[in-house]
Amino acid sequence: MLEWQTHENSSMKKIDIAVVDYGMGNLRSVSKALEHVAPNKNVLVTSNPVEIANAERIVFPGQGAMPDCIRELDARGLRNSVMHAANNKPFLGICIGLQMLFEHSEEGDAAGLGLFKGSVKRFAATEMHDENGAKLKVPHMGWNQVYQNQQSEAHALWNNIEDGARFYYVHSYYVQPDDARIVGAYSEYPKRFTSAIARDNLFAVQFHPEKSATAGLQMLSNFVNWLP
Amino acid sequence: MLAKRIIPCLDVTDGRVVKGINFLELRDAGDPVEIAKRYDDQGADELTFLDITASSDNRGLILHIIEKVASQVFIPLTVGGGVREVEDVRRLLNAGADKVSINTTAVLNPQMVQDAASRFGTQCIVVAIDAKKVDNQPFEWEVFTHGGRKATGLDAVKWAEYMAQLGAGELLITSMDRDGTKIGFNNPLNRAISNAVDVPIIASGGVGNLQHLVDGVNEGGADAVLAASIFHYGEYTVKQAKEYMQKNGIEVRL
């Protein structure tokens, strides 16, 4: 009886944050970091469209190759849930979870979800050198400075994060939005690329806040408290 | 710009972090979570755990360590040692590792590197290469396996290129000649590999002082430097190492 009640309670429990699981890669880092910054919130890793629809906030991560991510998302019938969430509730895209929001990726010549106009490009390793002429590697891996693109007023996700703070990256592709107004931040490798986008209830980043120590945890905490 | 990374390496055996003294005596170095936190506080850019457990019975214990560390330390964690199958990679990633390092198995079964990279993404596959200078081959540095005991007949530079092709997202290069010597990295080896591949390389083996870290980047072309003893014995903190590198014109995260 008690067991049944517990089970029933847990399935009825309000979902504060749903981490969308479409079978690509490891979501443990993301969920652990969210639990760390929001110990009183119910964080759920889920591939259930009903739970995604019921959750108050959505985190949309992604690892691996974008064509595989889109395929796996569709295989689980999650495209509509993700699109609906991206248009309606606090939504945080991470890494491939940012790239998938665009129309097209050079990676596997794949179509994305098309929520934003623009494309995903690969860093051209053979043409990249730093100011001393040293070769720059691809993937772009490690800690790089993130310059906030503050328009009229500060975005809540940058609260208590210094402009130019370093975040941890690991990626070979970057997004190129058609609309410059959605650019929330940029980094340089060696040229400027878009490292965050912001529009209404949606914020998405190329770097990994869940692996970016203090600055990253601050961003996740800002997201958990964000009221767009 | 992108910062060069400093990565402290922790040896784990039977579920405990240990310090080796001249490879002979292993001493318990304390609680893995506490040590990981300390390095995180000092500004370590990543942490690498190397499982040196001899018996396969106790190898699963590293999973508990990684689980505990990953729920309290939020920087990238790499785990290596005894990774034989794609299933081992999956288990480590599920425990909270961000990258898994593959060494001997990459030589015995290169297909496993490709399988793991296509299943989990190249970003989480590190191939560790142990190399030694040789006179009896038409090339300069040979790949060794089984902790440096077995020669493979493979040219380390060619091998590095092949591993990057198969899907290694990063290469960890350890010079067997330098490991434990404290006379500095093998910079010519690292430079040869760094020039040959597009993926980042981590230099390992031989660090005795902070200038060695600077040389590893400037002369060896390393994107990251890994060290164990200079940090474990409290000779230097990670922060001191970074300050020294910065003073010498290297971009670091401080």
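The chains referred to below are lettered A, B, ... by the order of the sequence lines, with proteins before strands, and numbering in each begins at 1. Note: hydrogens, waters and symmetry copies are ignored here, and every other heavy atom, side chains too, is used.
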Could you show, one pair per line, the donor-acceptor contacts under 3.5 Å between chain A and chain B?
from     : atom 1 : to       : atom 2 : distance (Å)
A:Asn26  : ND2    : B:Leu93  : O      : 2.8
A:Arg28  : NE     : B:Ala95  : O      : 3.3
A:Ser29  : OG     : B:Asp98  : OD1    : 3.2
A:Lys135 : NZ     : B:Ser194 : O      : 3.4
A:Lys135 : NZ     : B:Asn195 : O      : 3.0
A:Lys135 : NZ     : B:Val197 : O      : 2.8
A:Lys137 : NZ     : B:Ser194 : OG     : 3.0
A:Lys137 : NZ     : B:Val199 : O      : 3.2
A:Lys137 : NZ     : B:Asp223 : OD2    : 2.8
A:Val138 : N      : B:Asp198 : O      : 2.9
A:Trp143 : O      : B:Ala3   : N      : 3.0
A:Trp143 : NE1    : B:Asp45  : O      : 3.0
A:Asn144 : OD1    : B:Leu2   : N      : 3.4
A:Gln145 : OE1    : B:Met1   : N      : 2.8
A:Arg166 : NH1    : B:Met1   : O      : 2.8
A:Arg166 : NH2    : B:Glu251 : OE2    : 2.6
A:Tyr168 : OH     : B:Glu46  : OE2    : 3.2
A:Tyr168 : OH     : B:Lys99  : NZ     : 3.1
A:Lys211 : NZ     : B:Ile75  : O      : 3.1
A:Lys211 : NZ     : B:Asp98  : OD2    : 2.8
A:Ala213 : N      : B:Phe74  : O      : 2.9

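Closest approach of B:Ile65 and B:Pro32 over heavy atoms only: CG2-CB, 3.6 Å.
Counting heavy atoms from C-beta outward, A:Asn159 and A:Asn225 have side chains that stay 4.5 Å or more apart. The closest side-chain heavy-atom distance from A:Phe102 to A:Met66 is not below 4.5 Å. Looking only at side-chain heavy atoms (C-beta outward), B:Val33 and B:Val73 stay at 4.5 Å or farther from each other. When side chains are defined from C-beta on, B:Leu92 does not count as touching B:Phe49, because their heavy atoms never get closer than 4.5 Å.
Heavy atoms of A:Ala33 lying under 4.5 Å from chain B belong to its backbone as well as its side chain. Both the backbone and the side chain of A:Ala213 come within contact range of chain B, each with at least one heavy atom under 4.5 Å from a heavy atom of that chain.
The line from CZ of A:Phe60 to CG of A:Leu98 is 10.0 Å long, rounded to the nearest 0.5 Å. Here the CG atom belonging to A:Leu92 is positioned 5.0 Å from the CZ atom belonging to A:Phe223, to the nearest 0.5 angstrom.
Between chain A and the options B:Ala95, B:Ala97, B:Ala164, heavy-atom pairs under 4.5 Å are most frequent for B:Ala95.
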